[in-house]
Amino acid sequence: MSSRINIARPQQPSFNPDPHGLSNSRPSTGYRAANPDDPIEKLKAYSQLVEDNIEIYSQPLKPHLPAIGRFLIVVTFLEDALRIVTQWGDQIWYLQQHRKFPWGISHLFLIINVITMLSGSSAVILKRYTEFAVAGLLSVVIIQGFGYGLIFDLNFFLRNLSVIGGLFMVFSDSMVSRKSPFAGLPTISETDRKKYFLLAGRVLLIFLFLGFILQGEWSIARVFVSVIGLAACVMVAIGFKAKWSAAFLVIVLSIFNVFANNWWAVHSAHPQRDFLKYDFFQTLSIVGGLILLVNMGPGGLSVDEKKKTY
């Protein structure tokens, strides 16, 4: 009798994580774990370390970066206005003798330039009427190029493209969200406009470094700096590791500016002094644009932002 009766507890069915057989029986083909000995992984880790250090050491300066950047961008216009005032007679003589400006037109040309540069620079520094200030300073860049006959000079052209890029960065920095006055109509939002101006500013800012590559005597150090700087310029333009690249260019351009455009070491009567002084303050303006890029980031149209999305 006992042999036919099973008094043991019924065996519990084993747990089946996939009772319907819907799972893939093949082994997982997910991403492999990062290999710490891979050179690419080492480069990524190093770049991340550099970015972290930039964030840490720039924290005390970060609240002041926008003001510093804006001031440096317009410093070339302030210097130019001061130079016109202090060299008024020479400026009039050059415009009348070499550019064939009639008497009176030359005076009006210089007065308009000085007033626009002083008022526009002050407005940019104070963050007042920035759109009108940027438009006025842009017009000064274009008018002076034609007025002084330098529009077809390659060095002047590349430098001023970079200055225009800096002004675009100022314009992007000043943008705030505003409600459209035409509700219901398709318009470009402030965010979209800021993305496009940041892209244009990033691309234009690098032209100064391209001018540095194209001119001057070549040496091993110059080739090394040019290759590394060109790579940083490309990274700024496409917005890949843009903050790191912009910070690197700020350091390189600042060192280059002090040693290559040392106008203070040239005698005041030397004709090269004014050219070095002009290049020095223009380079400061471009450094200011890069500082704004470090502060704001590359914007929506960049590799860095796309990486955040995906």
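Excluded from the calculations below are hydrogen atoms, water molecules and symmetry mates; all remaining heavy atoms, backbone and side chain alike, are included.
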Is [Y] close to [X] at the side-chain level, that is, under 4.5 Å between some pair of heavy atoms?
| X | Y | value |
| --- | --- | --- |
| V140 | M117 | yes |
| V294 | W244 | no |
| N295 | I291 | no |
| L95 | L110 | yes |
| T130 | R70 | yes |
| F168 | L292 | no |

Exercise. So F197 and F171, would you call those rings parallel, tilted or perpendicular, with 30° and 60° as cut-offs?
Worked result: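 F197 and F171: perpendicular rings.
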
For this session: Just say parallel, tilted or perpendicular for the rings of F156 and Y278, cut-offs at 30° and 60°.
Result: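 Taking Y278 first and then F156, their aromatic rings lie parallel (interplane angle under 30°).
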
Whether [X] side chain and [Y] backbone form a donor-acceptor pair below 3.5 Å:
| X | Y | result |
| --- | --- | --- |
| N257 | T283 | no |
| R202 | A237 | yes |
| S162 | L204 | yes |
| R273 | H267 | no |
| T116 | N113 | no |
| K127 | V124 | no |

For this session: Would you please indicate yes or no on a ring centroid separation below 6.0 angstrom for F157 and F152?
Result: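 Distance test on ring centres: not under 6.0 Å, no.
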
Exercise. Under 4.5 Å between side-chain heavy atoms, hopping through other hydrophobics if needed: is there a path connecting L253 to V234?
Worked result: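 Different hydrophobic clusters.
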
Problem set entry | Cluster link F109 to I111, ILVMFWY, side chain under 4.5 Å |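 Cluster IDs for F109 and I111 match.
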
For this session: Apply side chain to side chain contact (heavy atoms under 4.5 Å, CB included) to the pair L137 and V74, showing each step before the final yes or no.
Result: CA-CA 9 Å; L137 295 176; V74 300; 4.1 Å; yes

Exercise. Listed by chain and number, what are the side chain to side chain contact (heavy atoms under 4.5 Å, CB included) partners of T76, not counting sequence neighbours?
Worked result: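 For T76, the residues satisfying side chain to side chain contact (heavy atoms under 4.5 Å, CB included) (neighbours in sequence not counted) are F281, Q282, S285.
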
Problem set entry | Reference residue Y148; test side-chain contact (heavy atoms from CB on, under 4.5 Å); the match among Q91, H98, R99 |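 Of the listed options, the one satisfying the test is Q91.
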
Problem set entry | Matching residue for W264 among V266, N261, N262 - test: side-chain contact (heavy atoms from CB on, under 4.5 Å) |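 Output: one option passes, namely N262.
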
Exercise. For the atom pair CG (D90) and CG (D274), what is the distance rounded to the nearest 0.5 Å?
Worked result: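 One finds 8.5 Å between CG of D90 and CG of D274.
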
Problem set entry | Between OH on residue Y129 and OG on residue S119, distance to nearest 0.5 Å |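 Separation between the atoms: 12.5 Å.
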
For this session: Applying ring pair (Phe, Tyr, Trp, His ring centres under 6.0 Å), name anything that partners F71, two or more places apart in sequence or on another chain.
Result: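 Not a single residue meets the ring pair (Phe, Tyr, Trp, His ring centres under 6.0 Å) criterion with F71.
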
Problem set entry | Set of ring pair (Phe, Tyr, Trp, His ring centres under 6.0 Å) partners for H107, sequence neighbours left out |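 For H107 the ring pair (Phe, Tyr, Trp, His ring centres under 6.0 Å) partners, ignoring immediate neighbours, are W103.
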
Exercise. Strictly by modelled atom types, are Y94 and Q87 linked by a side-chain donor-acceptor pair under 3.5 Å?
Worked result: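 The answer is no; no qualifying pair exists.
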
Exercise. Does R83 pair with D80 as a salt bridge, N-O distance under 4.0 Å?
Worked result: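 Counted as a salt bridge, because a side-chain N and a carboxylate O are separated by less than 4.0 Å.
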
For this session: Show your working on side chain to side chain contact (heavy atoms under 4.5 Å, CB included) between K243 and L293 and close with a plain yes or no.
Result: CA-CA 7 Å; K243 289 188 175 183; L293 176 58; over 6 Å; no

Exercise. Would F77 and V141 satisfy side chain to side chain contact (heavy atoms under 4.5 Å, CB included), going step by step from the backbone distance to the final call?
Worked result: CA-CA 9 Å; F77 297 101; V141 172; 3.8 Å; yes

For this session: Heavy atoms only: give me the nearest S106-Q96 pair and the separation to one decimal.
Result: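 In this case the closest contact between S106 and Q96 is OG-NE2, 3.1 Å.
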
Exercise. Where is the tightest heavy-atom contact between I73 and G289, given as atom of each residue plus distance?
Worked result: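 I73 and G289 have their closest heavy atoms at CG1-N, 3.4 Å.
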
